[in-house]
Structures are given as C-alpha cells and as structure tokens.
There are 2 protein chains.
Amino acid sequence: MELKEAKEQFIMSWGALGSNWGVSKTMAQVHALLMVSNAPLSADEVMEQLNISRGNANMNLRALIDWGLVEKIHKLGERREFFQAEKDMWKIATRIASERRKRELQPILKVVDQMKEIEDKQADKAELDAFKKQMTELENFTGRVDRIFDRLDRADERWFTGLLTKIMKR
Amino acid sequence: MELKEAKEQFIMSWGALGSNWGVSKTMAQVHALLMVSNAPLSADEVMEQLNISRGNANMNLRALIDWGLVEKIHKLGERREFFQAEKDMWKIATRIASERRKRELQPILKVVDQMKEIEDKQADKAELDAFKKQMTELENFTGRVDRIFDRLDRADERWFTGLLTKIMKR
DNA sequence: CAGAACTTTCAAAAAATATTGAAAGATTAG
DNA sequence: CTAATCTTTCAATATTTTTTGAAAGTTCTG
C-alpha cells in the first residue's frame, strides 16, 4: 500500500468508527485528515479533500476545537486560518476522556442526585428502599469512575504508564 | 417527590442520557424501566409503560440481552417471557465496559494494524516515518487501554475497589 | 394436528441528525 | 471608507437512524 492510499484509508476508517462512539462521521474524518497531515490545513483544503461544504467544514472544525483536539494556526502574512490537530496520543486521550466525562458521567450524577429527595409515605417500604439503594449504588460507582477521569485529566503520561504497569502485574 | 414519580423521572432522564453515549433513547428507557422494576416485566408491560410498539420493544429488549444487561425469565405455568435487568452495579459496569471495548477499541486496533503494511519507495521519507510513528503510537495507546478493559472484565469488584484506593492515594 | 398465545421480522413511515449553500458578518488592506 | 477576502450562520434539504405495525414464524396445549 502506498502512503497516500494509506492515509485515505485511515481517514475513511476513522470516519466509520466515529459513529460507533457517538461522533459524526465527518467530524471523525476531519480529525483523521488533520492527524495525518504534516502541515496545518486551511478550511478550503479540508473541504476539498473530504468533499464537504464550507458550512460543514466550519462546523466540524469548530467542534474539534471545542473538544481540544484541533487548534487554529495563524501564519504570518496569511489572511486565512489554518487548522492543526494535536498529535500527541496522551493529549488526545486526555482530551477525549475529559469530554466524555463531561458528556456521559456528570449528567448521570446530576440525575441520580435528584432522585434522592423522595418522600413517599404511601409507598411500599421495601420497594422504596430498593430504589434508593439502587440510586445510591449508581451514584457511588459513577462517582468513582468520574474521579478516575478527573485524575487522569490532571495527571501526566508517566503517572499513567506507571499505573498501568501496576495494574498489569496483578 | 413520590416513588412512582421518581421512577418515571429516572426513566425519562436515563433515556435522554442514552443519546449522549451512543445508545438509542428507547433502549436506555427500557433498561431504566427494568432497573427500577421490582419484578420482571413482560414485553406487553414494557410496551404499555413506555408507549412503544411491539416491534420496537422486542428489538430493544433483544439488544439489551446482547449487551448482557437484561435476561429472559421464564415463570412456570406462564407462557410468555419476562425480562429482568441486572441490578448489580459492578456487573452492569463490566458489561458496558466489555461491549464498548468490542465496539470502540478493537475496531481501532484493527484499522491501525492494516496501516502498517505500507511500502512506498516514492514517498517522502520523513513523511512516511511520521505517519508510521503516529500509527504505532495510536496502536500502543489503544492497546493499553484495551488491556485494562479486558482485565476489568475478568476481575472482580474487590480488585477494582482496591485499585481505586491506590489510584486516589497518589 | 389445529388453534391459541406469543415472539420475531421487515418494509414502510416517522423522527432525529447531519449537510448544504447562499447570505450575512467579520476583518484586513489599500 | 470600500473592496476584497475569509468566516460564520441558518433555513432548507438530504441522509441516517429509529419506530411502527401487520404479517410470518414459533411453540405450546388440548
């Protein structure tokens, strides 16, 4: 396989994977394209290479910037903006972890927290207790995982690697 | 808030959250409904409580069974099937982890693995190396996370809790 | 085996999401 | 200030995903 071909293949596959993990195909493709480009690309280059419209390119580039996976670059003497993907895997991973924490874990905690204020004199005691117990367990578990992600976000790669070694030894 | 009301609220919220983490609203609702039901429910009860069609109920119940989050129950003397959700948070968590590993991590490994067979005499040497390096890093990182999930899947809760304590101490 | 009681399938319809492209908004240069 | 160049917005459109419901399939009962 040739390099150019490999890059294209990677972009397409990365896009297809996106949908498995809740990201739109195009957003994943834009990310992949920037990941395998040696130089920052302009919006027009992204549009052209992926065959998408200007609006679409703009929207997804912006979303990637929100995720912290892409940044705007200004070249001096150049009017337009360029976009560059973060290439360091550790940073990519922590950005994704952080975003998923915000989107997936914290909303659960919020919902479960509200469930605690039940006051029902009518209800069957055992049933009420069962419900409360379940909510508490859900909260505990989610809270624990949330704290791991938080820790991860603030740690550095060496910490993580060390941790892994420990985990794998057992 | 009353118990019944709380349960409904939980079901609705859980459903809304589902879309944040790549599961359809209805599937998440069915799961929530079964989680907060003290007794197993029949397909008809699920249909009725969530106002969904028979086909939809069937589909989502099946998907939940695939995920290992719900199981069929046969009551003796009863013709129809009942459905019961796993309520143990540890089991719920490992099932979800295992499923996501399969859907999110392993496909990445597969794609990246294919990228290794590049043979391009034409291409710029530095560019080729950069691409290969990136693919390797992606593979290493994903592989590591994949192994954690695998480990998690086979471990028990006490192991996990112990691990957490260690993580949090640092 | 026939009929009743359920469950599963799947093509069509509906709903939710993503994309387009033209117009409006910025920003810089002259 | 005006024109030129580039970015952002958003209503209309297209695509994808989910849901429906009726028909086909299955399994049990008598």
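A note on names: the letters A, B, ... follow the listed sequences, proteins ahead of strands, and every chain is numbered from 1.
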(message) Using a strict heavy-atom distance below 4.0 Å, which residues from residues 41-57 of chain A are in contact with DNA chain D?
(response)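 By residue number: A/R54, A/G55.
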
(message) Strictly below 4.0 Å, N to O, side chains only: are A/E137 and A/R144 in salt-bridge contact?
(response)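 Not counted as a salt bridge, because no side-chain N and carboxylate O are separated by less than 4.0 Å.
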
(request) For the pair B/K116 and B/E139, find out whether any cationic side-chain nitrogen is under 4.0 Å from an anionic carboxylate oxygen. (result)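 Yes, this pair counts.
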
Length of the [atom1]-[atom2] vector between [X] and [N], whole Å:
| X | N | atom1 | atom2 | answer |
| --- | --- | --- | --- | --- |
| B/I73 | C/dC6 | CD1 | P | 18 Å |
| A/R62 | D/dT9 | CZ | C1' | 9 Å |
| B/K75 | C/dA5 | NZ | P | 19 Å |
| A/K25 | D/dT17 | NZ | C1' | 14 Å |
| A/I65 | D/dT7 | CD1 | P | 11 Å |
| B/N60 | C/dT7 | CG | P | 15 Å |
| B/L64 | D/dT18 | CG | P | 13 Å |
| B/E81 | D/dC28 | CD | C1' | 12 Å |

(request) Could you check if a side-chain atom of B/V70 sits within less than 4.5 angstrom of a side-chain atom of B/E86, using non-hydrogen atoms only? (result) no

(request) Would you mind reporting whether B/F10 and B/V36 have side-chain heavy atoms less than 4.5 Å apart? (result)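 In contact.
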
(message) Tell me whether the count of non-hydrogen atoms from other residues, nucleotides or ligands lying under 6.0 Å of CD in A/E157 goes above 12.
(response) yes

(message) Any base atoms under 4.0 Å from A/T26, or only sugar-phosphate, or nothing? Heavy atoms, all strands.
(response) sugar-phosphate

(request) Check every strand shown and say whether A/R79 touches a base, only sugar-phosphate, or nothing at a heavy-atom separation below 4.0 Å. (result) base

(request) Please check the phosphate of D/dT8 (OP1 and OP2 only) for any side-chain N or O of A/K72 closer than 4.0 Å. (result) yes

(message) Does D/dT7 have OP1 or OP2 under 4.0 Å away from a side-chain N or O of A/N58?
(response)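 A/N58 to D/dT7 OP1/OP2: no side-chain N or O under 4.0 Å.
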
(request) Taking only the side-chain heavy atoms of A/M59 (C-beta and beyond), determine which of C/dT8, D/dT19, C/dT19 contains the nearest atom. (result) C/dT19

(request) Examine B/K75 relative to B/F82 and say whether NZ or CZ is less than 6.0 Å from the centre of the six-membered ring and inside a 45° cone about the ring axis. (result) yes

(message) On DNA chain D, does the nearest nucleotide to A/R80 precede the nearest nucleotide to A/S19 from the 5' side, or the other way round? Give the residue.
(response)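 Per heavy-atom nearest nucleotide, the more 5' residue is A/R80.
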
(message) With ring pair (Phe, Tyr, Trp, His ring centres under 6.0 Å) as the rule and sequence neighbours excluded, what pairs involving residues 43-70 of chain B come up?
(response) none

